[in-house]
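As structure tokens, the structure follows; a few thoughts come after it.
Quick caveat, the model's predicted, so the values are computed rather than measured.
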Amino acid sequence: MTGIILSGGKSVRMGRDKAFIEIDGIPIIQRIFNIFKKLFNEIIIVTNQKELYSGFKAKIVSDLIVNRGALGGLYTGLFFSSNPYSFCVACDMPFLKETMIQCLIKQANENEYDVIVPRTEDGLQPLYAIYSKGCLEPIKKMIGMGKYKIIDFYPLVETKIIEESEFISSDINLKLMRESFININTPEELNFLKEEKKAS
């Protein structure tokens, strides 16, 4: 399986590149990469600033379909993936949990779904999900129709939704599970996160 990191966002609300924001002294992109190295035989970083990622032992690629947000990034990552399945995350998620990713990988190994996606109290988590190569054409179709939300193409493929209870039954703490889906979009969110970590 391939691990895909989408790092092509413009970080407008943050005002600086989110991938290199440090949490506990380690850039988010490095935190993600460290976990991916343990889990995947191939790592792809999708970015339109390749020079920033030259220090990573990964396949660095740029969007094949530009200005189509995360959906375009997902398409690009899947296109360049050497494996039938890929786990995809955004570059602004600092608290990935290896055990949770393994739970999703297990589902991919045991079933023939095109999408394996968690659902929390906040809804589906399309940027913490597994995708097959079979998603490429449906994604291209959605982009051609002017629809750019990742979940828009789900009805066109075999989709497996993993509920919170399924993660919890795998001995994963609820608090840690929800923490793993946190992404950081604004300076306010970053400051809140740092204050919360000090208090805990």
What pair of heavy atoms forms the shortest contact from [X] to [Y], and how long is it?
{"X": "S62", "Y": "T76", "answer": "O-CG2, 3.3 Å"}
{"X": "I182", "Y": "P94", "answer": "O-CD, 3.6 Å"}
{"X": "V157", "Y": "P138", "answer": "CG1-CG, 3.6 Å"}
{"X": "M93", "Y": "S180", "answer": "CE-O, 3.8 Å"}
{"X": "C91", "Y": "I28", "answer": "O-CG2, 3.1 Å"}
{"X": "N83", "Y": "M1", "answer": "ND2-C, 3.3 Å"}

Measuring from [X]:[atom1] to [Y]:[atom2], what's the distance to the nearest 0.5 Å?
{"X": "L71", "Y": "I65", "atom1": "CG", "atom2": "CD1", "value": "8.0 Å"}
{"X": "Q30", "Y": "I35", "atom1": "CD", "atom2": "CD1", "value": "11.5 Å"}
{"X": "K37", "Y": "F56", "atom1": "NZ", "atom2": "CZ", "value": "9.5 Å"}
{"X": "D24", "Y": "E22", "atom1": "CG", "atom2": "CD", "value": "10.0 Å"}
{"X": "K106", "Y": "N111", "atom1": "NZ", "atom2": "CG", "value": "9.0 Å"}
{"X": "Q49", "Y": "S54", "atom1": "CD", "atom2": "OG", "value": "12.0 Å"}

Can you get from M145 to L156 by hopping between Ile, Leu, Val, Met, Phe, Trp and Tyr side chains that sit under 4.5 Å apart?
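Yes, one cluster joins them.
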
Could you go through L74 and F153, starting from their C-alpha distance and side-chain angles, then the distance that decides it, and tell me whether this counts as side-chain contact (heavy atoms from CB on, under 4.5 Å)?
CA-CA 12 Å; L74 175 59; F153 82 88; 4.2 Å; yes

Do [X] and [Y] have side-chain heavy atoms sitting under 4.5 Å apart?
{"X": "L127", "Y": "L6", "result": "yes"}
{"X": "L78", "Y": "I139", "result": "yes"}
{"X": "D63", "Y": "V46", "result": "yes"}
{"X": "F80", "Y": "E42", "result": "no"}
{"X": "I130", "Y": "K160", "result": "no"}
{"X": "Y131", "Y": "P126", "result": "yes"}
{"X": "S82", "Y": "K59", "result": "yes"}

Would I162 and Q107 satisfy side-chain contact (heavy atoms from CB on, under 4.5 Å), going step by step from the backbone distance to the final call?
CA-CA 9 Å; I162 307 295; Q107 288 285 341; 3.7 Å; yes

[Y] backbone acceptor or donor facing [X] side chain under 3.5 Å:
{"X": "S81", "Y": "T2", "result": "no"}
{"X": "S86", "Y": "C88", "result": "no"}
{"X": "T159", "Y": "V115", "result": "no"}
{"X": "K149", "Y": "K147", "result": "no"}
{"X": "E166", "Y": "E163", "result": "yes"}
{"X": "D114", "Y": "E158", "result": "yes"}
{"X": "R68", "Y": "I143", "result": "no"}

Please check if the number of heavy atoms outside [X] that lie under 6.0 Å from its [atom1] is greater than 12.
{"X": "K133", "atom1": "NZ", "answer": "yes"}
{"X": "E51", "atom1": "CD", "answer": "yes"}
{"X": "Y148", "atom1": "OH", "answer": "yes"}

The criterion is salt bridge (Lys or Arg N to Asp or Glu O under 4.0 Å); which residues satisfy it with E98, sequence neighbours excluded?
K38

Using side-chain contact (heavy atoms from CB on, under 4.5 Å), reason through F79 and K140 one step at a time and then give a plain yes or no.
CA-CA 11 Å; F79 180 89; K140 203 169 184 180; over 6 Å; no

For the residue pair Y128 and F87, is the inter-centroid distance of their aromatic rings smaller than 6.0 Å?
yes

Can you confirm if the aromatic rings of F20 and Y53 lie within a centre distance of less than 6.0 Å?
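Ring centroids of Y53 and F20 are less than 6.0 Å from each other.
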
Could you check whether the rings of F36 and F40 sit parallel, tilted or perpendicular, using 30° and 60° as the cut-offs?
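Perpendicular, since the angle between the ring planes exceeds 60°.
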
Does a side-chain N-to-carboxylate-O contact under 4.0 Å join D92 and K18?
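Salt bridge between D92 and K18, a charged N being under 4.0 Å from a carboxylate O: yes.
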
Residues L96, R31; criterion side-chain contact (heavy atoms from CB on, under 4.5 Å); working and verdict:
CA-CA 8 Å; L96 301 187; R31 295 169 72 97; over 6 Å; no

